[in-house]
Asks: 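Following this message is one structure expressed as structure tokens.
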Amino acid sequence: MELFNSAFGENTTFVHSAYFIISGFIGIPDMKYYASLFFVYIVSVLKNITVMAVICMDQKLRIPKYIDIFNLAFVDLIGSSALVPKVLDIFFFFYHPYILYDCLTFMFFCYSCLSMQSFNLVALCYDRLIAIIFPLHYQAKVTHRFMFSLIASFWLFNITAALIAVGFLTRLSYCKSVVIDSYFCDYSLMHTLACNDRTPSLFIGRWFPVLIFWLPLVFILLSYVCIGYALFKVITVQESVKAFKTCTAHILLVAIFYLPVMITFTFSGASIHPNARIINMSLTSVFPPMLNPIIYVLQTQEIILSLKKIKNQFKFTVNKMIK
């Protein structure tokens, strides 16, 4: 408990700056192409709303697996809507000041949605793990109640973790620089600007990525080791390939989400230029929400059939109205 005592002193006076300036886009070459982020955002919104609508409209898709896919689309929609408009505001209006609590709110939504994307992949991985290793017990183990409970627990954990991380930043005094060299209110950069004891925030900054990135990734990798071993025991190659095809969409989502993050954190510091880190992390936050629905639509036969069914029903209704 001594680690956190300094952050809760009864007579401590905190010096909060009136505003913060996000300057991450200054000095990056060819930044005019970054405006295409707006079109990426529009495509992301339309596709994620479409996936959510299809799952709601088709009763055949109201199974545990698609509960998590619906939540993934919802998180992508909320995360993009929280991040992209603010990023474009920063991009077009350099040195736009942000009040401390506006900055912390911005940070909370960004980290909550980013971490929830990671845990969504864990839920989908668990679904594939049970379906392949225990196919006869899948209906009993992966139920609607279980999936709702799992997703709700993930939301509770991520929101609590984000609130704790953001809450400790309010215990810091900012009496020096107010310039954040990033594309959003970055936690790791904000607590370095503090001029009082930031030990608790430093502790959280080191362990937060472990909880939201590395532990979920370790679970996913171990799960695929188990899946690979289970498929290796299958006698026919055709059955192994057929079972593995059900995992291709999830593997693509994992690669798109984790690879840029792993590269950035592995080569952080002097090994990677700050501008390269900003571009990499900002695109990592924007492109997966656009690509996720495309991957699941292309790789999931049930969604394709549902889209065709809805399309045919719409054409029939329009033709009937015309006649």
Asks: Are I63 and L61 connected, step by step, through hydrophobic side chains (Ile, Leu, Val, Met, Phe, Trp, Tyr) whose heavy atoms are closer than 4.5 Å?
Replies: yes
Asks: So which atom in L129 and which in C226 form the shortest heavy-atom distance, rounded to 0.1 Å?
Replies: CD1-CB, 4.0 Å
Asks: Do you know which two heavy atoms are closest between I256 and P288, and how far apart they sit?
Replies: CG2-CG, 3.8 Å
Asks: What about Y126 and I133, same hydrophobic cluster or not, with Ile/Leu/Val/Met/Phe/Trp/Tyr joined at side-chain heavy-atom distances under 4.5 Å?
Replies: yes
Asks: Kindly say whether V40 contributes a backbone atom to a donor-acceptor pair with the side chain of S44 at under 3.5 angstrom?
Replies: no
Asks: Treating S115 as the side-chain partner and S112 as the backbone partner, does any N or O pair qualify as donor plus acceptor under 3.5 Å?
Replies: yes
Asks: Got a second to check how far F154's CZ is from S118's OG, nearest 0.5 Å?
Replies: 9.0 Å
Asks: Which residue pairs satisfy the ring-ring contact (aromatic ring centres under 6.0 Å, His included) criterion with at least one member in residues 52-86, sequence neighbours excluded?
Replies: none
Asks: Are any non-hydrogen side-chain atoms of L121 and F219 less than 4.5 angstrom apart?
Replies: no
Asks: Please confirm whether F157 and F119 have ring centers closer than 6.0 angstrom.
Replies: yes
Asks: In the structure I gave you, are the side-chain heavy atoms of F38 and V84 within less than 4.5 Å of one another anywhere?
Replies: no
Asks: For C113, check disulfide (SG to SG under 2.5 Å) against everything at least two apart and list the hits.
Replies: none
Asks: Hydrophobic clustering (ILVMFWY, side-chain heavy atoms < 4.5 Å, transitive) - are V45 and M290 grouped together?
Replies: yes
Asks: Please report the interatomic distance CE(M147) to NZ(K65), rounded to the nearest 0.5 Å.
Replies: 10.5 Å
Asks: What residues join L222 in its hydrophobic cluster, counting side-chain heavy atom gaps under 4.5 Å, either direct or through other members?
Replies: V218
Asks: Judged by modelled atom types alone, do Y101 and T170 share a side-chain donor-acceptor pair under 3.5 Å?
Replies: no
Asks: Which atom pair, heavy atoms only, marks the closest approach of T50 to L46?
Replies: OG1-O, 2.7 Å
Asks: Please report the shortest heavy-atom distance between D186 and M107, naming the atom on each side.
Replies: C-CE, 4.2 Å
Asks: In terms of ring plane angle, is the pair Y187 and Y111 parallel, tilted or perpendicular, where the classes change at 30° and 60°?
Replies: perpendicular
Asks: Can you confirm whether more than 12 heavy atoms, excluding those of K47, are under 6.0 Å from its NZ atom?
Replies: no
Asks: Would you please name every residue forming a side-chain hydrogen bond (donor to acceptor under 3.5 Å, both in side chains) with S81, sequence neighbours left out?
Replies: Y41
Asks: Say whether F39 and V286 are linked into one hydrophobic cluster, either directly or through other cluster members, by side-chain heavy-atom distances under 4.5 angstrom.
Replies: yes
Asks: Given side chains that start at C-beta, do those of L72 and L253 come closer than 4.5 Å, heavy atoms only?
Replies: yes
Asks: Using the rule that two of Ile, Leu, Val, Met, Phe, Trp, Tyr join whenever any of their side-chain heavy atoms come within less than 4.5 Å, decide whether I42 and L83 are in one cluster.
Replies: yes
Asks: Please report the interatomic distance CD1(I132) to OG(S223), rounded to the nearest 0.5 Å.
Replies: 10.5 Å
Asks: Report, one line per pair, each donor and acceptor closer than 3.5 Å where one atom sits in a side chain of residues 135-146; sequence neighbours left out.
Replies:
unit_1 : atom_1 : unit_2 : atom_2 : d
Y138   : OH     : D127   : OD1    : 2.4
T143   : OG1    : F146   : N      : 3.1
H144   : NE2    : R62    : O      : 2.7

Asks: Measure the OH-CH2 distance between Y258 and W214 for me, rounded to the nearest 0.5 Å.
Replies: 9.5 Å
Asks: Under 6.0 Å from the CZ atom of F109, do we count more than 12 heavy atoms belonging to anything else shown?
Replies: no
Asks: Looking only at heavy atoms, which two atoms of V210 and P216 are closest? And how far apart?
Replies: O-CD, 4.2 Å
Asks: What pairs with C103 under disulfide (SG to SG under 2.5 Å), at least two apart in sequence or on another chain?
Replies: C185
Asks: Any side-chain heavy atom of F257 within less than 4.5 Å of one from L114?
Replies: yes
Asks: Do the side chains of I220 and H250 get nearer than 4.5 Å, heavy atoms only?
Replies: yes
Asks: Under 4.5 Å between any side-chain heavy atoms of R171 and S201, yes or no?
Replies: no
Asks: Hey, what do you get for CG (N120) to CG (N71), rounding to the nearest 0.5 Å?
Replies: 4.5 Å
Asks: Could you report the tightest heavy-atom contact between F208 and A161, atom names first, then the distance?
Replies: CE1-CB, 3.7 Å
Asks: Would you give the length of the straight line joining atom CD1 of I67 to atom CD1 of I55, rounded to the nearest 0.5 angstrom?
Replies: 9.5 Å
